[in-house]
Structures are given as structure tokens and as C-alpha cells.
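Take a look at the structure set out below.
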Amino acid sequence: MSWITPSGGLIWHGRALRYRRLWTPFLQTIDHWLAQWQPPTSALLLLGASAGWSLPSRFLCQFRQIHAIDLDPLAPRLFRFNHAQALASSGTECTWSQGNFFNNTADVLKTYPDHAILFSNVLGQHALQINHIEQAERDFASLTHLLQGRSWASYHDRISGLADNARSELKPFLLTQRISAEALALRVARQGEWFDHSTTQILPASGDRLLIPWLIRKGRIQWVEAGSIKGTSEKSQLDSITI
Ligand SMILES: C[S@@+](CC[C@H](N)C(=O)[O-])C[C@H]1O[C@@H](n2cnc3c(N)ncnc32)[C@H](O)[C@@H]1O
């Protein structure tokens with residue numbers, strides 16, 4: 001059990017409290033993007049939930065049941081602090097597991113077969129967390145394979161660097177195709193070195209994705225990618241409308 005990890009724990013909670021104002025444009029964009037994701041289910045599997053600092057209560061309240069998973073032992077208590085009141089008024093039941101979902105991804109997905117799945121700003125830290133880029137890429141390949149047919153969404157870090165090295169126009173933009181970390185850096189950076197979070201392959205090669213700048217702390221910027229994938233049942237509903 002660890003209170004501080006490369007992707008969460010006390011440092012993350014401290015930052016979320018300290019930089020709340022700086023994060024406002026990013027949080028508003030995530031709020032807007034999540035409001036447009038309408039999975040056809042009343043249950044959510046929330047991976048990397050932490051205290052839900054980046055999650056609007058009104059998004060969570062649309063579900064009847066949420067199962068949240070995080071490594072951080074403090075996460076359930078702080079999540080309750082942020083969202084319990086709203087969840088109680090919408091009647092949303094929230095259960096928790098503490099652990100690493102990459103250790104038993106197939107079992108986790110099987111245990112919650114009817115849940116839509118949200119990777120909540122978690123996949124971009126996996127390579128750092130295990131300190132192994134190739135293993136992280138293998139984990140992502142088997143994860144996306146296991147997710148086939150499911151309704152899921154993710155927002156995750158793509159590249160990060162010094163704010164001084166970024167271009168001045170920091171606005172979200174939409175893409176319809178996958179973009180490599182190098183091409184993204186060419187588009188958003190002026191100069192300098194940018195860290196690649198190894199998440200290029202998470203979303204399918206084609207399909208909408210929103211690229212969002214995030215001033216995570218003074219002088220440091222991350223570009224986050226957000227996208228959602230329809231499950232098999234949603235696709236067949238769509239087909240029946242088209243016919
Ligand atoms: C950047 S924080 C996430 C933020 C959270 N979604 C929020 O809105 O506050 C990433 C979280 O993912 C958790 N995490 C990272 N890798 C994980 C894994 N493999 N399994 C479970 N939790 C993980 C960390 O403990 C951390 O709380």
C-alpha cells in the first residue's frame with residue numbers, strides 16, 4: 001500500500017487542491033466532453049477514480065451504480081468528500097476496490113459485463129507507474145483487445161513538457177484520425193523536449209478524439225486526448241435506425 005505513486009496519492013490530491021483555479025479551463029472541457037458521452041447503460045466502471053477531482057458530480061449522478069477502482073488507499077474517502085452529497089441525492093450506489101486493474105483486467109471486465117467503462121486520466125501514467133514503456137504498450141494492446149464490443153471512454157495524457165516550449169494558442173481541437181506523439185508535438189510545441197506518455201494506440205486509428213491542453217501546474221503543460229467507443233449493442237441500434 002502506497003500513499004504516493006507516480007500517478008496518484010498525496011501529491012495528486014495536493015496538486016488538485018492547489019491548482020484548482022489553473023485547472024478550470026481543462027475541467028470545463030472535460031465536463032463538456034463527458035456530458036456528450038451517453039453510454040446506453042446505468043452502470044459505470046470507473047478506473048483510476050482517485051477522488052474524482054476531474055469528474056463533475058452531475059456526470060456521475062446519471063448512473064444508478066458505479067464501481068470505482070484505484071490503487072490509492074485514500075481515494076474512496078476523498079471521493080466521498082467530493083461527491084457523496086450529490087450521489088446520495090441521485091440515489092447512485094458507489095462501491096470500491098483498491099488495486100491495480102492491469103493485474104486482472106479480463107476478470108475485472110467480466111465481473112462488470114453490463115457496465116460502461118471510463119478510464120479517468122489513468123492510462124497516461126501507466127508507463128511511468130511501471131517504469132517500462134514496452135510493457136505498458138503490451139498492456140494497452142491486450143486492454144483494447146479485451147474491450148472489444150464494450151462501451152468505453154478514456155481521457156489520458158499524450159505528451160507533456162514545459163509551458164514555455166508550447167505554442168501560445170492553447171485551445172482544444174478535434175481530430176478524426178490517430179496522431180503520433182511526434183506529429184502532435186510538431187503541432188502544439190514551439191521547441192524543446194516533450195515527454196511521450198506512450199498512449200498513441202489507446203484509441204482506434206479512426207474516430208473522433210478531442211485534444212485538450214492542461215496547465216497542470218505553473219510552467220508545465222500536458223496535452224490530453226479524450227475519446228469514446230461505442231459498444232456492440234449501440235452499433236446494432238444504430239444499424240437498425242439506418243435500415
Ligand atoms: C491522475 S490520477 C486520476 C485522477 C482522477 N480520475 C481524478 O479525477 O481525480 C490517476 C489515478 O489512477 C490511479 N492508478 C494509476 N494506475 C492504476 C492502476 N493500474 N490501477 C488502479 N488505479 C491506478 C492512481 O492511483 C491515481 O489515483
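Atom set for the values below is all heavy atoms of this structure, side chains included, hydrogens, waters and symmetry mates excluded. Atoms within a ligand are numbered from 1 in the order they appear, just like the ligands themselves. These numbers were taken from a predicted model, which means no experiment stands behind them.
- Ring geometry for Trp214 against Trp23 counts as perpendicular: the plane angle is over 60°, on a 0 to 90° scale with 30° as the lower cut.
- For Gln125, the heavy-atom gap to ligand 1 drops under 4.0 angstrom.
- At under 3.5 Å, not a single nitrogen or oxygen of His126, backbone or side chain, sits near a nitrogen or oxygen of ligand 1.
- Between Leu71 and ligand 1, at least one pair of N/O atoms sits closer than 3.5 Å.
- Side-chain polar atoms of His32 and Gln36 form a donor-acceptor pair below 3.5 angstrom.
- Listed by chain and residue number, nothing satisfies the salt bridge (charged side-chain N to carboxylate O under 4.0 Å, His left out) test with Arg80 (two or more places apart in sequence, or in another chain).
- Not one N or O of Tyr155 is nearer than 3.5 Å to an N or O of ligand 1, by distance alone.
- Distances between N or O atoms of Phe102 and those of ligand 1 include no value under 3.5 Å.
- Assignment of Gly99 to the shell around ligand 1 is supported, since a heavy atom sits closer than 4.0 Å.
- The shortest N/O to N/O separation between Phe101 and ligand 1 falls below 3.5 Å.
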* To do: Please lay out, stage by stage, how Leu47 and Ser120 fare under the test side-chain contact (heavy atoms from CB on, under 4.5 Å).
  => CA-CA 6 Å; Leu47 301 174; Ser120 175; over 6 Å; no
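- Side chain of Asp72 to main chain of Leu74: a donor-acceptor pair is present (N/O by atom type, distance under 3.5 Å, no hydrogens or angles).
- Ligand-side atoms of ligand 1 in range of Gly52: 7 (C), 8 (O), 9 (O), range being under 4.0 angstrom from any heavy atom.
- Remark: Gln135 pairs with Ile130, His132, Arg138, Asp139 by the side chain to side chain contact (heavy atoms under 4.5 Å, CB included) rule, at least two apart or across chains.
- Nearest-residue assignment for atom 12 (O) of ligand 1 (options Ile30, Leu55, Val122; heavy-atom criterion): Val122.
- Aromatic ring orientation, Trp33 versus Tyr155: perpendicular (interplanar angle above 60°, classes split at 30° and 60°).
- The ligand atoms of ligand 1 that sit less than 4.0 angstrom from a heavy atom of Ser54 are 7 (C), 8 (O), 9 (O).
- Using bins of under 30°, 30° to 60° and over 60° for the plane-to-plane angle, the ring pair Phe79/His83 lands in the tilted bin.
- Here Arg58 pairs with Asp31 in a salt bridge; the nearest charged N to carboxylate O distance falls below 4.0 Å.
- Using a non-hydrogen distance threshold of 4.0 Å, Ala49 registers as a contact of ligand 1.
- When the options Ile69, Asp70, Asp139, Asn100 are ranked by their closest heavy atom to atom 13 (C) of ligand 1, first place goes to Asp70.
- Counting atoms of ligand 1 from 1 in the listed order, those under 4.0 Å from a heavy atom of Trp12 are 1 (C), 2 (S), 4 (C), 7 (C), 9 (O).
- The distance criterion of under 3.5 Å between nitrogen or oxygen atoms is not met by Gln129 with respect to ligand 1.
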